[in-house]
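Naming convention: chains lettered A, B, ... in sequence-line order (proteins, then strands); numbering from 1 in each chain.
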Amino acid sequence: MKYADIIIDISHERLDKTFEYIVPDELENQVAEGVQVVIPFGQGNRAITGYVVGLHDKPEFDVAKLKPIARVMRDSIAIESQLISLAAFLKRNYGSTMNQALKTVIPIKKKENEKLKKEISLNISLEQAKIELTELLTKKNHAVGKERLLKELLDVDVLDWELATKKLQVPSGNIRDLEKKGIIRVESVRTFRNPHMHKSESKHIVLNDEQEAAAERIKADIDTGRRKTYLIHGVTGSGKTEVYMDVMEHVINMGQQVIVLIPEIALTYQTVMRFYSRFGDRVSILNSRMSPGERFDQFERAKSGDISIMVGPRSALFTPFANLGLIIIDEEHEPSYKSEVIPRYHARETAVYRAHLSGATVILGSATPSLEAYSRAQSGEYELITLNNRAKGQDMAAVEIVDLREELKRGNRSMLSHRLLELMADRLNKKQQIMLFLNRRGLMGFVSCRACGKVLKCPHCDVALHLHKDGTMKCHYCGFTTRATKICPSCGSKYIGSFKAGTQRLEEMVKEAFPSARVLRMDADTTKGKDGHEEILSAFAAHEADVLIGTQMIVKGHDFANVTLVGIVAADISLNESDYHSGERTFQLLTQAVGRAGRGSEPGVAIIQTYQPENYAVVTSAAQDYNGFYEQEIAYRGLLGYPPCSHILGIQVSSESERDAASQADILANLIRKVDPQVIIMGPQDAYIGKLKDVFRRVIYVKDQDYDRLVKIKDSIDSFLLEQKQYRNTTTWFDFDPINTL
DNA sequence: GGAAATCTAAAT
DNA sequence: TTTAGATTTCCC
C-alpha cells in the first residue's frame, strides 16, 4: 500500500499543509509526484482537486482516518519533482501558500471543454463538389446554409468550425448532414496555435572578437561541467543576443533545452523572428495574451520534447523541460521580472535556483545591470562578462546636457530648449529622423480645480480620476466611471479642467514649431489596439514620420538606422519619484534612450534636458559611465540600507474596515519588535494608494541585511495569524525587496 | 473554503 | 427550554 502527501487546491493559510491519502491499488501506476488528483475532503467528503507532492510506503497519520484518492485528473501533466521544489522555494522566499506557489509553477489545464479546434474540409474532389452544389441548388427548398458552406469550401481548403457557424451562419445540423453523406469531413485538430514559421536560410552570423570571447568562455565552462551564473554587461548595440544564440546552439546540440526570458514590452515580432530564423520550429513563444489553455499547450509541447527553446516573459521560467541546460534573462534589470501577484517572486533569483536544481547555466544580460546583479558580479557570486564595443563598430552618440534652469532664465518656458529645436531643424532638413522621450506614465490627465486646487478622486480608491475623450472621468484602478463636471464640487468654481498628458502637449509643441514635420505619438492613448505598438513603430521604421514622441515604451528593442537625434525632454521626472529605485531607473532610461541614437551609419546626438544637470544619474548616463553610476548608487544604497546592501520585507495589511486594518498593522509591528528586536521597522503607514476598491491598506517595512532573518519574521507572522482570533477580516501579504511602492 | 459542531442569547 | 444565529473547529 502506498500513501500520498497532497496539497489541497484551496488557497487558505489554514489548509496550507499536506494531507495524507491512500493510493488505491488500481491507481498506483498513475499516481506520481506532481500529478493532479481528486480527493474526498472534509466531513462531507466533497470532491476537491489537489497536487501530489510526495509518496511513501508507511503512513504517517492515523491510518483509521485516511481516505483513498478518488481519481487522477484526466490529462494532468506530472510536473517534475523539480518544479515542486521550485514551488517550495517560492513559498519560502516570497511568502504564499503552497497552493499558490504550485499554481504559478504548474500550467493549469484548461477547463472541462478541451477546445479542440474543429475543421471542415471537402471529402470529395472539387469537381464532385461542384456537381453536389448544382444538385443542391436544383432542389426547391434547399438549405441555404449548406449552399454557403459548399461554396466557401470551393474557395478554401479548410474552414474553421467557428467561422462556418458564426460568420457564415451555417446551422450545425447542415454540417452534420453533409458529413453523414460523406461530402465533407469534420476533424478535430489539436492546435498548438504556434505561428508556424519556416526556417529561413540561416545566415551564419559571425561574432566579433568580443562576442566570440564571451561565448567561448561560457561554452568552455559548460563543456568542463561548470554551471554558473554569468552577467553580460554589454553597451547598447553590443550584440548580446548573438552571444546568447551561440551558447544556446551549443546547449541544444548537447541535447538540452533553453529558456529565454524577455521583458513583456520587448516581446515584439522582430525579437521573436530573430529566434525563429535561427532555430526554426524548435522554438516556441509564450506571451501574456495567451489563455491558460494556450499556455498549457505550449508547456505540453515542451514536456513532450517537441521544442527545445521557450521564449517568453517571466512565467516562461516554469516551462517543464526535462533536461534544462540554460536560462537566459535578457534585459535583466527590467522591473517586469518581479511578479506583481502573490507569490511576488523575482525571476532572476528564481532562475538561479531552478538552474541550481537542474544543473543549468544562467546568463543575465543588460546594458544597465540592476544593482542587485552587478553587486553579485562584484562579489564573485556571478561571473561578469563585459562587452565594451558596439557590434557594428558605430560610435556611441554624443551627449549634450541642457540645463533647463538656464533655459528658463533666458525666457524659454516651453518643453523644448533652444539647442534641441536647433538640432531638430537641422535633422528635419537633412531628412533624418528624431525621437523624443518623455518618461511620464499617465500622471497627467487628472482633473483639478484651478481655484481651490481640489483634485477629483475616485470614491472607492485613493487615486485621481482621469478625464477621457468621451466626456467621462474614470478610475484606472477600479474602473469607476462618472460624468465629468463643469464646476468644482468643493468650491463651486468653474475653473476646473484637466491637464493634458505630457506626450500630447509635446506633440502640439513640435507641430507648432515645425508645421511640416510628420509626427507620430506613441502612448497609452494611441496604442489601444493589440498591434498598436507594432503599427506605429513599423511606420516610423519605414520613415513615414520624421519625429516619434513617446514614453519609455519606445526605448526598447527597435533599431532605427535613420535616427540621428534623440531628445530626452524631461530627465528629472523619474528622479523625483519617491522611492529608492529612482536613480537607477533614471540612469537606465537615459542610457537606453541615448543608445537609440546613431544606430546607422550617421553618428547620433542625444540631448538630455534637465533641471538637475549635476545629478549623478544624469551625469553618468550622459558619459555612458555605468561603473561611475554604480559606485555612487551602491554607496547611497549602503548608507540608507536599501537593497542590495540590505533587504526589505514589505507587509501589507488590508481590510474593508479602516480601523481594523490600522490596529492589525500595529499589532503586527509590535509582534515583529518582540520576535526580533534587531531589525529596523518602518511604519505602519498608509500604503501608497491608501484605499483601493473600498479596501483600506496599511504597510510596514522591515529592513535587515540578512534575508533569512526577514523570512523568519514572515514565518512568525504567518503562525501568529493562524492562531489569532480577532481581525479575521483583514488580509496580510508579503513582498520581499519590493520594486514598486506598496 | 466550507460543512459540521459548538456556543450564545433571546424568544417562547 | 427551544432554536436561530454567530462563532469556532476541523478536515488527512
Any carboxylate oxygen within less than 4.0 angstrom of a Lys/Arg side-chain nitrogen, looking at D715(A) and R92(A)? no

With the side chain counted from C-beta on, respond yes when N670(A) and I672(A) share a heavy-atom pair under 4.5 Å apart, and no when they do not. no

Below 4.0 angstrom, which residues in residues 5-16 of chain A have at least one non-hydrogen atom near DNA chain C? R14(A), L15(A)

In the structure I gave you, are the side-chain heavy atoms of I648(A) and Y580(A) within less than 4.5 Å of one another anywhere? yes

For the CD atom on Q705(A), are there more than 12 heavy atoms of other groups (residues, nucleotides or ligands in this structure) within a distance under 6.0 Å? no

Is the closest basic N to carboxylate O distance between E26(A) and R71(A) below 4.0 Å? no

Quick note, ring-ring contact (aromatic ring centres under 6.0 Å, His included) partners involving residues 648-684 of chain A, not counting sequence neighbours, are none

Strictly below 4.0 Å, heavy-atom distances to any atom of DNA chain C: list the hits from residues 42-57 of chain A, or just say none. G42(A)

Counting heavy atoms not belonging to K67(A), are there more than 12 under 6.0 Å from its NZ? yes

Under a 4.5 Å cut-off applied to non-hydrogen side-chain atoms, are T350(A) and Y94(A) in contact? yes

Heavy-atom check, side chain of Y337(A) versus side chain of L261(A), under 4.5 Å: yes

Ion pair E584(A)/R637(A), N-O distance below 4.0 Å: yes

Boundaries of the chain A footprint along DNA chain B (any atom under 4.0 Å from a heavy atom): dG1(B) to dA4(B)

Does the side chain of S657(A) reach to within under 4.5 Å of the side chain of N729(A), using non-hydrogen atoms? yes

Quick one: N729(A) CG to dT8(C) P, roughly how many Å, whole number? 13 Å

Its dot-bracket string being built from Watson-Crick and G-U pairs below 3.5 Å, with | for another strand and [ ] for crossing, DNA chain B has the pattern |||||||||||.

E658(A) and R697(A) ion-paired at < 4.0 Å: no

D57(A) bridged to K2(A) by N-O distance under 4.0 Å: yes

Can you list, by residue number, the residues of residues 61-71 of chain A that have a non-hydrogen atom closer than 4.0 angstrom to DNA chain C? F61(A), K65(A), L66(A), K67(A)

What is the distance, rounded to the nearest whole Å, between atom CG of L722(A) and atom P of dT8(C)? 15 Å

Flag side-chain contact, heavy atom, 4.5 Å: T731(A) against Q652(A): no

Hey, are D676(A) and K712(A) close enough for a salt bridge, meaning a charged N less than 4.0 Å from a carboxylate O? no

